[in-house]
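Okay, so here's the structure we're looking at.
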Amino acid sequence: MTIEAVDYTTKIPNNVNLAEDRQVLRALEGWHPGYIDWWMDMGPEGFQQAEVYLRTAISVDPKGWAKFDYVKMPDYRWGILLAPKEEGRTIPFGRHYGEPAWQDVPGEYRAMLRRLVVIQGDTEPASVEQQRHLGKTAPSLYDLRNVFQVNVEEGRHLWAMVYILQKYFGRDGREEAAELLQRRSGDADKPRMLGAFNEATPDWLSFHMFTFFTDRDGKMQLESLAQSGFDPLSRTCRFMLTEEAHHMFVGETGVGRTIQRTCEAMKEAGIEDPNDVEKIRALGVIDLPTMRRKLNLHYSLSLDLFGSEMSTNAANTFTAGLKGRFQETKIQDDHRLEKATYPVLKLVDGEIRRVDEPALTAINMRLRDDYAADCQRGLDRWNKIIDKVGVGFKFELPHVGFNRKIGEFKDAHVSPAGKLIDDAAWQREQGQWLPSKDDGDFIASLMKPVTEPGKFASWIAPPRVGIDNKPGDFEYVKIAA
Ligand SMILES: [Fe+2]
Ligand SMILES: [Fe+2]
């Protein structure tokens with residue numbers, strides 16, 4: 001592997017030799033002002049002049065790729081960074097299995113590939129838009145810094161996809177790049193492309209659930225694109241995954257700290273029953289049943305992002321060698337899947353059953369299964385926190401058929417336990433399973449900003465260690481007067 005140094009002398013830091021790629025440099029420089037306008041309009045509201053202790057990627061060497069320093073967000077060095085090129089890399093799956101990876105767009109797959117890049121690209125700015133009001137109610141300077149870190153990196157991920165579009169797709173790539181700055185999360189006329197990215201992120205529990213569940217969908221998509229036979233896409237996604245790990249960390253520890261604070265407050269107050277909601281809420285913490293409803297919502301919205309269980313589109317992008325499976329190169333099979341089957345959950349004669357289907361058309365289902373297993377590991381760690389404090393409560397992932405808008409279960413009502421129920425039962429019970437307006441109002445009532453270094457809101461525990469090993473009272477954000 002060769003690690004190309006990152007060039008910081010150009011306006012756009014990069015390790016793709018932009019200085020000598022005049023045409024692409026010009027296209028990116030042309031796009032830059034529109035990006036900054038978008039960031040000022042749709043990025044974190046009210047904190048553009050604040051000094052934020054951020055990490056910036058300065059290398060793609062896994063051993064030391066980032067540095068930390070105070071930066072005003074609009075001055076963040078958004079760059080184009082690709083993971084090192086692997087000499088002799090071959091296409092790891094599909095019809096072209098074993099052939100040399102493509103360094104240019106294969107003509108026959110051009111439209112399919114562009115679509116994959118645009119869909120991934122669209123999610124990146126969407127989440128920044130969804131999270132733009134959160135700064136005003138941050139539970140601490142530590143958390144404030146974390147949301148901004150996630151935001152600037154999602155911005156960089158947009159740059160990453162725009163680079164691919166502008167370098168490899170000519171004029172229509174430039175048009176797509178421009179449109180990525182025009183769509184808006186939740187907009188009636190020009191919404192973002194995927195459902196979960198048009199939902200509101202009204203409070204910090206939603207934000208932490210979103211980074212746990214929805215950014216994790218992003219991780220799975222990036223993992224499968226990192227397998228791509230189109231090498232520039234593979235390399236850009238591989239580097240994005242190093243940043244993405246922090247987003248998962250923010251979500252998992254954010255929810256974990258919320259759980260911990262609630263359990264500790266219950267213990268201190270001598271409350272044993274996690275369903276004693278009124279008393280628990282009076283302590284200024286979020287009761288576990290409310291967190292369960294939020295979990296149910298965010299998990300089910302994120303499952304929809306995987307698309308239909310059975311999909312010819314997914315089969316085509318796999319066979320073409322454009323989008324693989326999670327950890328494709330570690331799977332022991334022929335990587336072509338022409339004769340293989342995969343068990344798919346389906347509705348058959350009024351029952352939920354596993355049915356063997358062609359593995360190629362079940363690619364989405366497989367990725368979703370890998371995602372569910374990854375989520376479960378996080379839940380296990382949350383449950384350990386509850387156990388340790390000694391509260392009798394357990395988080396579980398709801399059944400994959402629960403509350404779905406896309407795929408096999410979209411017209412069925414399925415309880416979190418996986419029972420098919422009728423419309424009347426759904427109407428009667430759903431209030432126990434999904435967050436109510438009252439839940440939202442209660443959470444909103446706790447969202448009061450805490451801006452004194454080292455202090456935290458009543459509903460969330462401090463982190464165990466600081467970012468970049470900073471001490472507990474470190475001033476992660478210097479809010480401009
Ligand atoms: Fe991202
Ligand atoms: Fe992310």
Side-chain angles (χ1 to χ4, degrees), residues 35 38-39 42-44 52 54-57 60 65-66 73 76-83 116-132 134 143 145-165 176-177 180-181 183 185 192-199 201 204 206-228 232-255 298-299 301-302 305-306 323 326 367 371 374-375 378 467:
Y35 172 80
W38 166 81
W39 179 269
M42 298 310 293
V52 188
L54 293 175
R55 83 175 170 187
T56 304
V60 292
W65 59 274
M73 285 184 279
Y76 188 80
R77 303 295 305 274
W78 283 287
I80 313 291
L81 301 162
L82 271 59
L116 287 175
V117 174
V118 169
I119 290 176
Q120 181 60 41
D122 192 68
T123 65
E124 312 289 357
S127 63
V128 176
E129 293 163 2
Q130 288 169 292
Q131 294 160 14
R132 64 187 298 256
L134 290 172
D143 292 287
R145 176 262 169 214
N146 281 353
V147 69
F148 293 159
Q149 183 71 58
V150 170
N151 292 161
V152 294
E153 286 174 351
E154 300 304 4
R156 205 201 67 73
H157 293 174
L158 173 60
W159 276 88
M161 292 299 116
V162 163
Y163 168 73
I164 297 283
L165 288 170
E176 294 283 12
L180 284 167
L181 294 176
R183 287 184 287 272
S185 175
R192 291 294 172 183
M193 295 169 87
L194 303 174
F197 290 90
N198 287 304
E199 299 282 331
T201 308
W204 277 77
S206 305
F207 168 62
H208 289 143
M209 289 286 182
F210 183 97
T211 37
F212 183 88
F213 287 108
T214 307
D215 277 64
R216 192 177 307 274
D217 157 73
K219 167 186 154 180
M220 301 309 284
Q221 303 301 334
L222 290 175
E223 288 273 4
S224 11
L225 293 172
Q227 303 290 341
S228 185
L233 181 61
S234 164
R235 290 171 59 202
T236 200
C237 290
R238 265 187 281 151
F239 187 69
M240 288 160 80
L241 281 164
T242 39
E243 293 166 315
E244 205 60 47
H246 180 64
H247 309 180
M248 313 285 99
F249 164 86
V250 169
E252 183 179 324
T253 55
V255 176
H298 285 270
Y299 181 63
L301 285 171
S302 301
L305 293 170
F306 290 85
K323 187 178 175 190
F326 180 57
L367 190 63
Y371 167 80
D374 207 45
C375 288
I467 292 296

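Each ligand, and each atom within it, is numbered from 1 in the order the structure gives. Every heavy atom of this structure was used, including side-chain atoms; hydrogens, water molecules and symmetry mates were not.
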- Note on the structure: Output for pair (Phe210 CZ, Leu301 CG), nearest 0.5 Å, gives 9.5 Å

- Does the side chain of Gln149 come under 3.5 Å of the side chain of Glu153 through a donor N or O and an acceptor N or O? yes

- Message: To make sure I understand the geometry: which N, O or S atom in Glu124 is closest to the Fe ion (ligand 1)?
- Response: OE1

- Can you name the N/O/S atom of Glu154 that is nearest the Fe ion (ligand 1)? OE1

- Item | Between Thr214 and Ser302: side-chain donor-acceptor atoms closer than 3.5 Å | yes

- Of all N/O/S atoms in Glu244, the name of the one nearest the Fe ion (ligand 2): OE2

- Message: Looking only at side-chain N and O atoms, does Glu129 offer a donor or acceptor that is under 3.5 Å from a partner on Trp38?
- Response: yes

- Message: Whether the side chain of Arg156 engages the backbone of Gly79 through a donor-acceptor N/O pair (distance < 3.5 Å, no angle test) should be reported.
- Response: yes

- For the Fe ion (ligand 2), angle spanned by His247 ND1 and Asp215 OD2 (nearest 10°) is 100°

- Atom nearest to the Fe ion (ligand 1) - His157, N, O or S atoms considered: ND1

